[in-house]
Amino acid sequence: MVPSNGRRFDFVFNTFSTAATLGLPAKLAVLGFVLLLPCGLPAQEGRLTPGQVDLNGRVRTDQGGTVKSARVRLETLDSEAVADQPVTTAGEFYFPAVAKRVYYLIVTAEGFETYREQLDLGAGPNVFSVTVTLIPANKMPERSAPPPALSDAQAPKEAKREYEKGVKALQSRKLGDARKHLEAAVGVYPCYARAQTDLGVLLSQEKDYKGSEAALQKSVTCDPGYVDAYSELGALLNAERRYDEAVAVLDQGVRQAPGSWQFYYQMGVAQYGLKHYDLAEQQYTKAQSLAPNPPPELDAKLADVYLRENSFQKAYAAMQGYLKAQPDGRLAPRIKEIMKQMESSGVLQAQQTKPSPVPQQP
C-alpha cells in the first residue's frame, strides 16, 4: 500500500459561513474563519509575488503520532540552506514566501531516521502542503494488513514483482521509480486493482488528476470488492468538487465496508459541498463514532456545519473539542478568535435563553 503520508485526500476543509449568512452580528463577519488543506495556512492576498510560494507541513510518526521536537530544513539542490526551523508543539512548520524552485526538504528528530525529499515548488498553487512521516531508527516501515483483493490472486508473478518494487520505492520516497514500477505492474496486468489504486494515489500527488481518476476507475471496474479504490476515488472527486459523483462512489464503498469511518468522512465532505448540511452533520458524526482515534479536524468540520445551521452552542462545543485535542494546532488561533467573537456578540447567551416552543393543543 502507499505509505500513510502519501494516501488520502483526507481533510479537504470547508469555509465557515459569513456572519450575514448565519445571522451573526456584523463584527463577526470580518473573521472569515477559513479551513484549508492539511497543514495549509491562510494565504494573505497580495503578499506573495508571482515567483513565491508558501510551504507548510506536518511531521508525524509512522504510527500517526505527533513529532514535537523535529527540525525542518530547506536546501537548494546545491545544498545551500534556505530556511531552518523547529516544528511547533503540534508538529507543524511554515516557510512563507520562498522562491518557486526545486528544493530538498530535510527533517531530523532524535530517535528517527532522517527524512529527505525533493520538492518541486516551481509550478502549481501558491500554497504547497506536505506531510512528513518519520520512521523510528533501526526500524523497517511496517505495512498494514491489506484488504483482500480478488485481483491479487489473479495477477501474474511479473506484475506482482513490479508492484512490490513500486511499494519499496514509495516507502523510500522515490516517487519517479515508484511510478515506473506501478505503471509496469498494470501494464502486465491492467486489472491489478491494488496496483491501479496505488498508482492513482501517486498520480494525484503529482497533480495528474485525469490519470489518477482513470487508474482508480479501472480498479473499481476490475475488482469491485477492493474497497480502498472507492475511498480514494471519492476523495479525488470531492477535491474536484464533483460532489454528486463522489456520493455515488462512496455509497458503494459504504455498502462493502460499513465500519470504515473514512467513507463517512468523505461522504460528509460531499454532502457539505452539496449544501446538505443536515446530512453532512450525520456523516461527520458517524465518522467520529467509528474512528478509533477521531482526528481533531472532525470537530472543526462539525463546527462549520453547526454554524451553517445556526446552532451556535453546538459549534462552540465542537471548537472546544478541537482545542482540547490540539491546543496548539494550526486552526487553534482562528478557533480561539471566533470563540471570543461569539462570546462577546451574545449569540451564545441568546440561544441559551431562547424559550422552548409551546406545544400546540390538539
Side-chain angles (χ1 to χ4, degrees), residues 3-7 10-11 13 34-139 141 169-178 205-207 296-297 326-334 336:
S4 58
N5 60 311
R7 296 188 70 84
D10 284 346
F11 314 140
F13 300 128
V34 178
L35 304 178
L36 300 173
L37 291 170
C39 312
L41 298 178
Q44 300 175 25
E45 291 292 334
R47 175 177 58 80
L48 295 176
T49 68
Q52 293 181 328
V53 60
D54 283 344
L55 172 64
N56 55 78
R58 176 180 300 159
V59 180
R60 61 185 183 184
T61 70
D62 61 336
Q63 299 299 314
T66 299
V67 180
K68 300 180 180 179
S69 58
R71 191 155 199 97
V72 185
R73 181 180 175 88
L74 199 63
E75 294 182 355
T76 67
L77 297 186
D78 297 325
S79 299
E80 179 183 349
V82 175
D84 188 307
Q85 66 176 236
V87 297
T88 67
T89 56
E92 297 170 351
F93 61 90
Y94 178 46
F95 296 132
V98 297
K100 285 190 172 183
R101 57 186 300 180
V102 180
Y103 296 97
Y104 284 122
L105 180 70
I106 303 168
V107 183
T108 56
E110 185 176 355
F112 294 89
E113 299 287 349
T114 298
Y115 179 97
R116 185 181 182 89
E117 178 183 3
Q118 183 172 304
L119 298 179
D120 184 0
L121 306 184
N126 290 333
V127 178
F128 191 94
S129 300
V130 62
T131 299
V132 173
T133 300
L134 297 185
I135 305 299
N138 303 319
K139 176 184 176 183
L170 285 167
Q171 292 172 341
S172 301
R173 299 296 298 171
K174 297 178 181 178
L175 302 186
D177 290 344
Q205 287 183 267
E206 297 180 345
K207 300 180 175 59
E297 286 82 357
Q326 290 280 0
D328 299 311
R330 66 184 182 87
L331 302 177
R334 287 203 165 201
K336 291 175 182 177

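Predicted model, so just to flag it, every value in this text is computed and none were measured.
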Heavy-atom closest contact ([X] atom, [Y] atom, distance):
X: Ala109; Y: Val67; result: CB-CG1, 4.0 Å
X: Pro136; Y: Glu113; result: O-CG, 3.9 Å
X: Ala81; Y: Arg73; result: CB-NH2, 3.1 Å
X: Val53; Y: Ala99; result: CG1-O, 4.4 Å
X: Lys336; Y: Pro327; result: NZ-O, 3.6 Å
X: Gly329; Y: Glu92; result: C-OE1, 4.0 Å

Requested in this report: Pick out which of Ile106, Asp84, Val98 makes a side chain to side chain contact (heavy atoms under 4.5 Å, CB included) with Leu74.
Outcome: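 For Leu74, the side chain to side chain contact (heavy atoms under 4.5 Å, CB included) test succeeds with only one of Ile106, Asp84, Val98, which is Val98.
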Requested in this report: Among Val132, Thr66, Val130, find the one that has a side chain to side chain contact (heavy atoms under 4.5 Å, CB included) with Val59.
Outcome: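 So the option named by the test is Val132.
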Quick check for you: to the nearest 0.5 Å, what is the distance between [X] atom [atom1] and [Y] atom [atom2]?
X: Glu117; Y: Arg173; atom1: CD; atom2: CZ; value: 4.0 Å
X: Asn56; Y: Arg330; atom1: CG; atom2: CZ; value: 8.0 Å
X: Ile135; Y: Phe112; atom1: CD1; atom2: CZ; value: 9.0 Å
X: Leu134; Y: Thr114; atom1: CG; atom2: OG1; value: 9.0 Å

Heavy-atom donor-acceptor pair, [X] side chain to [Y] backbone, under 3.5 Å:
X: Gln85; Y: Tyr94; answer: yes
X: Asp54; Y: Ala97; answer: yes
X: Gln52; Y: Lys100; answer: no

Report task. Could you please spell out the steps behind the side chain to side chain contact (heavy atoms under 4.5 Å, CB included) verdict for Phe128 and Leu119? Result -> CA-CA 10 Å; Phe128 191 94; Leu119 298 179; 4.1 Å; yes
Requested in this report: For the residue pair Tyr103 and Val82, establish whether any side-chain heavy-atom pair is separated by less than 4.5 Å.
Outcome: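 Of all side-chain heavy-atom pairs linking Val82 with Tyr103, at least one is under 4.5 Å.
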**Report entry** N-O pairing of Glu80 and Arg101 below 4.0 Å
**Finding:**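 Answer for the salt bridge query: no.
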Report task. Go through Thr133 and Thr61 one step at a time and tell me if the side chain to side chain contact (heavy atoms under 4.5 Å, CB included) criterion holds. Result -> CA-CA 5 Å; Thr133 300; Thr61 70; over 6 Å; no
Query - Stepwise side chain to side chain contact (heavy atoms under 4.5 Å, CB included) check, Thr108 with Tyr115 - result: CA-CA 7 Å; Thr108 56; Tyr115 179 97; over 6 Å; no
Report task. Test the Arg116-Tyr104 pair against the cation-pi criterion, namely NZ or CZ under 6.0 angstrom from the six-membered ring centroid and within 45° of the ring axis. Result ->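 Geometry flag: set, cation within 6.0 Å and 45°.
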Report task. Step by step, work out the side chain to side chain contact (heavy atoms under 4.5 Å, CB included) result for Thr131 and Arg60. Result -> CA-CA 8 Å; Thr131 299; Arg60 61 185 183 184; 3.6 Å; yes
Query raised in the report: With Thr89, which residues qualify under side-chain hydrogen bond (donor to acceptor under 3.5 Å, both in side chains), at least two apart?
Result: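 Checked Thr89 against side-chain hydrogen bond (donor to acceptor under 3.5 Å, both in side chains); matches are Asp328.
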